[in-house]
Structure formats: C-alpha cells, structure tokens
Amino acid sequence: MARIATLTTGCMESILSGVDIDKPVVQILGSKKIPGPEGTDRLRLLVSDGKHLNSFAMLATQLNDLHAKGELDENTIVRLDRYCTSMVNKSEKGDRRVLVILELTVLTSGLQVGKKIGTPVPYTGEPQKPASNVSKPAPSAATPSSNTSNGSAFGSRPTAASPYGASNGSSFGRNAAPSTQGGQQLTHPIASLSPYQNRWVIKARVTAKSGMRSWSNAKGEGKLFSMDLMDESGEIRATAFRDAADKFYDLIEVDKVYYISKCQLKSANKQFSTLNNDYEMTFTNETTVQPCDDDESCIPKMQFNFVPIAQIANIEPKAAVDVIGVCKETGEIQRFTGRTNNKEFIKREITLVDSSNASVALTLWGDDAVNFDGHVQPVILVKGARVSEFGGGKTINLGVGSSMKINPDIPEGHKLRGWFDNGGGDEIQSNVSTRSAAGGGSFNTEWLTFHEAQLKNLGADDKPDYFQVKAVIHMVKATNATYKACPQPDCNKKVIDEENGMYRCEKCNQSYTNFKYRLLINMSVADWTSNRWVTCFNEIGEQLLGKSAQEVGRDIEEQGEAALQTMNFKSYVFKLRAKMEMFGDVGRNKMTVMNISPVNYKEYNRHLIKDLQELTGIGKV
DNA sequence: CCCCCCCC
C-alpha cells in the first residue's frame, strides 16, 4: 500500500499569523462553491494540518479544474506549493485572514487516505506575533467562541477579534504603508485580488503605461491614464481617472515596482483587454502608491516573448507580439485627419531589422512619433506590438497595451547591437511589410459585416477601403447587366451602336463590324446585418454565372432577365472595395466586388469563434 | 467614468 503523505502539523497556526511556511502539507476535508461573476466560481476549502482546521482556504480560480476533475476530493493530501494569506474585512466583528492557494500538488488521493487525519479543531486563536521560528509559536490570545468548537467550520462566523482590525495600526487597510513582518513587506499576489476583498497591498511592476487621455461623451468628460501591473502571480490593468490621474501620472513609471493598495476592483471587460485577469482596478482617492525602494527581485522583470521579424509575416492581424530590432530607417512625421471623428493623428513609420534578416515597419503614434530620434539607429523593443495587415504586408503598431523601450539593457538588445554594428543589417532579405503587387489581391481583407462597414464609415471618401463579408446574392438587376464593348483585347470601352452594323469605339477612334459582351452586374447582397448594392465586373460575373460574357450576352438576348436568375441565393465570401465616387455633383458610396470565393466554413467559423471570444472573453487564451 | 488605437 502506498505511503500516505505526512501533514505539516501545526502549520496552519503559523500561516494564519503571517509566518511563511515553505510548502506545507495539508489535508482537504471539504469544499464549497462560491458563485462568482460571469460563471467564475471560487472554491472555498476546508483544510486541516492534523491539528487545526481552516475553513477559509480559497482556491485560485486557475486551479478550479483540478477540483472539477475530482482531484481535490475529501481526505486528499496536498502540498501547497504557493499560497498567500489575505485579510478580508468580513463584518463588524472584524477581519479574517484567508488562505489563498495558488499552486498545489496532490500527494495522496482522498480515496487512498480514506479518513480524516488526527482530530483537528478550528483555529480560533488570534494570530501570533510574527515568529522567526515556526516551532516556537507565540501563545495565542484566546478568544474562545461558542460556535467554532464543533469542527463544522463551514458556516461558522468569524470570531477572532483580529489584531488586523480597524483599530489596529498594523492593518493593511488602515495604513497607507504596507506593514512589515520580519523585515519583509507583506503583500498579496495579483492573482488573488477580487472585488470580495479590499484589504490588500500588491507589490507590482508597471509593464505598460498609457499617455494621459481625455474623453468627452454623453455621460460626461474627463481624463484618464491606465497601466498594466505584473507580479509573480499574474497581471492586471489599472486605470486612474480625473484627480487620481493627475495625482499619480508622474509617479508611475514603466518598469518600476510599486506597493499599491486601496483600489476598486471590478470585472474586466474582456472586449478591451488582453490581460490574463478577470478583474481590473481603478485608482480612487483612497489609493496609495509607493515606489518600492527595497528588494524588488521577487517581482519578475518584464517577460518578453520575442518573435523574429521574419515570422511576423505569419502572424494574424490584431495579434500582439513582442519584437526587438534595430531601427535601420526613420520616416518623417506624418499628420492626417481621422476619417470617422475628424481627430488629428500624428504618426511616424520606422523600419526595424533583426538577425532573421527581415525588416518590418513599426508605426509610432502621437508623442512617441514626435519625440522619436532615430539618427543613432537605436535598438527598439516593443512589448505587445499590434500586428496589422495592409495590402498583404504586415506592419506593427505601438498601440494600447504596447510599450516601447529604446536601447533596452537586456542580452537580446546587446546581441542585436553587435550584430548590426558588424554589418548585420546590410543583408536584409525580406520586408514583411511589403505589399503584394498592385492589381490582384493587394488589399486588406478584414472580416466585417455590412453593419460594421457602415459604422466604420467605410468608403466615406475617395480613398478606397477593403473588407470581406460572407453574404448571399438575393437580387440581380438584369437591365444593363451586359454592355457591348470594343472587340480589341486590351480595350473594354463601351462601343456606340451606329445602327448600321458598325460599332464605334471612341477610345480606339475606330469602327468595328463586331463587338464583345462585357458584364457589369449590379446586385444586392446581404449578410445577417443588412444588404448592399454592389457592382461586379466581367470576370467576377463570369465566375458567378459559370459562363463566358459572350454566352451570357447571348442568353440575355434570348431569355431576357431569366438568364441571370441562377446567380440568386448563393453565398460567397465577397472581397469588397468601398469608395466614394462622384456622379456629377453627387457623391455616392460605391461598393465593388474585387473577388469572390466559395465559403470556406472552417475558416469562416474560426473567424466567428474569434469574434465571440472577443465579445465575451469566454474561451480566450 | 475609458474601451479611440487611426493613414496609406
């Protein structure tokens, strides 16, 4: 019979009084689901060290699946590889220290153990004074309680008059500064933060910081800035509005470590955040931020997952990538007015190269563009650069959630510097931003619905916009679907029927005895949001009808409108161009079919699933 | 309380 793991007897008392015990071994005696927002249940465990019970052990949500798989059943013995304690201001009766389990290893299954080990009793004592030696816990000041002696800890009310209560100076909530125990700052992992506990201090590194931004809408106006925070356990987005924005803007610096407490926690809107956290936080007037001037080595440095520039070619638009390269070329500042909101934009495109012997265009915006100095060809690191596609080439953008570092002091940076200074940048073989040759498929093929295309004001001016849509043809305008064109192979100009058997081409300045039919079909296509009249020219029309233009022309002569009816009620993926075209004095937003292809349902569904994930945050990785 | 992230 397999050995049953030994419990770390007495560890609960130490842990609950703030003493760090390395990887304690405990037994799970029960669990209870606490419903959270958006289906994010949290599990509350009853754990025992053989001596004491703790009914306020919370499982970090990322471990929920262990429970779902039945690996945390009653009597299971586990090792707590990573945990933290956290004060919860539970009620008027005082605070409670909760054990948050971040990582664990199952040592012996509940089935194998088969019984409760020892005769543990609920831990009711006040937390002991910090002890440097676990084996000599300070005697706890007993605060006996009538309802915690029965072992059925679930449902029992907090009883201890906690020294961390509001009247006590060492409370996290009370003190702006984090309290210290044994010379170490007591902090909470970001992964353990939730709206259900408001007394915490995190020690976090700023990985990104936005500029100060103003907004003005129906609900009011104001300004804000946001930042991304990271520690060993996870990451979270924080935003400061108005006064708080002013108060903290200068203090917050990218890459620095801060103690932060008293922020509001709320559910993150997954539509706008790629960070791996169900919550985000808001700085309030109560918020305290202290630069960390002690040991920050426990907070990981920014992590980078560098993508070689040559590989950016294979990355989907909108994805975020970490890129490091040497700025080989620096473009001029460009200013333009946004199409949808008349906003003034400033951008600058620079070219990065790396030892994958490829180059990519990086677009800087606003102040980053204005202040950029590329004449020394610095090494540029961008964390979370946003990939976009234009004309079949990929570019990267410094967008929201991206941060740029110039000449970063990291090995990859020094390596690139050496590579470039020894002529490495002279042999660049490919530019992933190169647009494919004009004509054919040189356009951005973002998936949009007709409704979205309208919202984005696509084709609102004389510059074309391109997108693709899955739609069905449901109405074909039969009149003038064909025209008689110049018979010369290179000329498709409409000819004038001279009514004498001759057809005159003004372009070629010549009359012919024959002509060729060309297609110019206007049709209404619809997706699930609305419909548009679009125009398709010869080759697309031939594809849709499965016949040559000549055959179609003759069919129409013989059958009239019926000749085009076979087009109806078929679905395709349409690549469309939207562009404002002038007819006399009147501008008309015209859509032209550039390309049709049968619906590849696998690909289309992939797009839909991605859309759903972005909208709901469900299943996002 | 933002949630715009652009342009060729």
Side-chain angles (χ1 to χ4, degrees), chain A residues 208-228 237-246 249 263-275 280-285 287 317-320 331-351 361-370 382 384-404 431 433-436 438 442-444 446 452 455-467 577-579 614-617:
Chain A
K209 176 194 173 186
S210 79
M212 188 72 88
R213 194 162 71 82
S214 316
W215 85 88
S216 171
N217 59 27
K219 288 183 212 159
E221 54 185 43
K223 56 178 168 177
L224 71 120
F225 80 99
S226 62
M227 73 209 86
D228 293 347
R237 164 77 45 87
T239 308
F241 292 95
R242 298 197 175 100
D243 291 351
D246 279 331
Y249 187 77
C263 297
Q264 259 170 26
L265 269 288
K266 59 172 188 175
S267 288
N269 187 337
K270 287 291 178 181
Q271 219 178 322
F272 304 119
S273 166
T274 52
L275 289 194
E280 57 189 29
M281 36 191 235
T282 305
F283 279 26
T284 69
N285 292 333
T287 297
K318 289 186 182 171
E332 295 299 314
I333 287 181
Q334 296 170 48
R335 292 166 199 271
F336 61 91
T337 307
R339 175 180 303 156
T340 47
N341 48 12
N342 272 341
K343 237 179 172 166
E344 194 64 36
F345 289 109
I346 302 173
K347 73 159 193 173
R348 189 203 293 270
E349 234 171 56
I350 66 174
T351 305
L362 165 67
T363 309
L364 310 177
W365 297 93
D367 285 349
D368 284 320
V370 173
V382 184
R386 197 65 59 173
V387 176
S388 64
E389 184 176 21
F390 181 67
K394 299 280 169 56
T395 62
I396 52 175
N397 272 265
L398 199 66
V400 165
S402 318
S403 55
M404 174 171 68
N431 178 358
S433 304
T434 303
R435 321 214 266 262
S436 43
S442 78
F443 41 85
N444 190 333
E446 183 185 11
E452 287 167 330
L455 286 180
K456 289 173 78 116
N457 262 335
L458 252 51
D461 56 34
D462 54 358
K463 292 172 208 141
D465 291 302
Y466 299 96
F467 68 104
R577 183 185 66 187
K579 184 170 173 283
E614 271 164 25
L615 285 166
T616 62

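Chain naming here is simple, since letters A, B, ... match the order of the sequence lines and numbering starts at 1 in each. Just so you know, these numbers use all the heavy atoms, side chains as well, and skip hydrogens, waters and symmetry mates.
Atom CH2 of A:Trp215 is separated from atom P of B:dC2 by 6 Å (rounded to the nearest Å). Going from atom NZ of A:Lys223 over to atom P of B:dC2 covers 16 Å, rounded to whole Å. Between A:Phe336 atom CZ and B:dC5 atom P the separation is 11 Å, expressed in whole Å. Between the CD1 atom of A:Ile346 and the P atom of B:dC5 there is a distance of 17 Å, given to the nearest Å. What separates CD of A:Gln264 from P of B:dC2 is a distance of 14 Å, to the nearest Å. Atom CD1 in A:Ile333 sits about 15 Å away from atom C1' in B:dC7, given to the nearest Å. Atom NZ of A:Lys219 is separated from atom P of B:dC4 by 11 Å (rounded to the nearest Å). Distance A:Leu398 CG to B:dC7 P: 17 Å, rounded to the nearest Å.
The side chain of A:Glu280 lies closest to B:dC2 when the candidates are B:dC1, B:dC2, B:dC7. The nucleotide whose nearest atom lies closest to any side-chain atom of A:Phe272 is, among B:dC2, B:dC3, B:dC8, B:dC3.
The side-chain hydrogen bond (donor to acceptor under 3.5 Å, both in side chains) search around A:Asp246 returns A:Lys223, not counting sequence neighbours. Listed by chain and number, the residues in a side-chain hydrogen bond (donor to acceptor under 3.5 Å, both in side chains) with A:Gln334 amount to none (sequence neighbours excluded).
Although no hydrogens or angles enter the test, the distance criterion places a donor-acceptor pair under 3.5 Å between the side chain of A:Ser402 and the main chain of A:Gly384. At least one donor-acceptor pair under 3.5 Å links the side chain of A:Arg348 to the backbone N or O of A:Gly331.
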- Query: Checking side-chain hydrogen bond (donor to acceptor under 3.5 Å, both in side chains) for the pair A:Thr395/A:Ser388: CA distance, chi angles, key distance, verdict?
  - Reply: CA-CA 5 Å; A:Thr395 62; A:Ser388 64; 2.9 Å; yes

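Close to B:dC2, at under 4.0 Å from its OP1 or OP2, lies a side-chain N or O of A:Asn217. A:Trp365 has no side-chain polar atom (N or O) that falls below the 4.0 Å cut-off from OP1 or OP2 of B:dC5. Taking side-chain N and O atoms only, A:Arg213 has a distance below 4.0 Å to OP1 or OP2 of B:dC3.
Residue ring and nucleobase are stacked for A:Phe390 and B:dC8, with a centre distance beneath 5.5 angstrom and an angle between planes beneath 30°.
A:Glu349 comes within 4.0 angstrom of no nucleic acid atom, judged by non-hydrogen atoms across all strands. Residue A:Arg386 is out of contact with every strand shown, counting any heavy-atom pair closer than 4.0 Å. Within 4.0 Å (heavy atoms only), A:Lys266 reaches at least one base atom of the nucleic acid.
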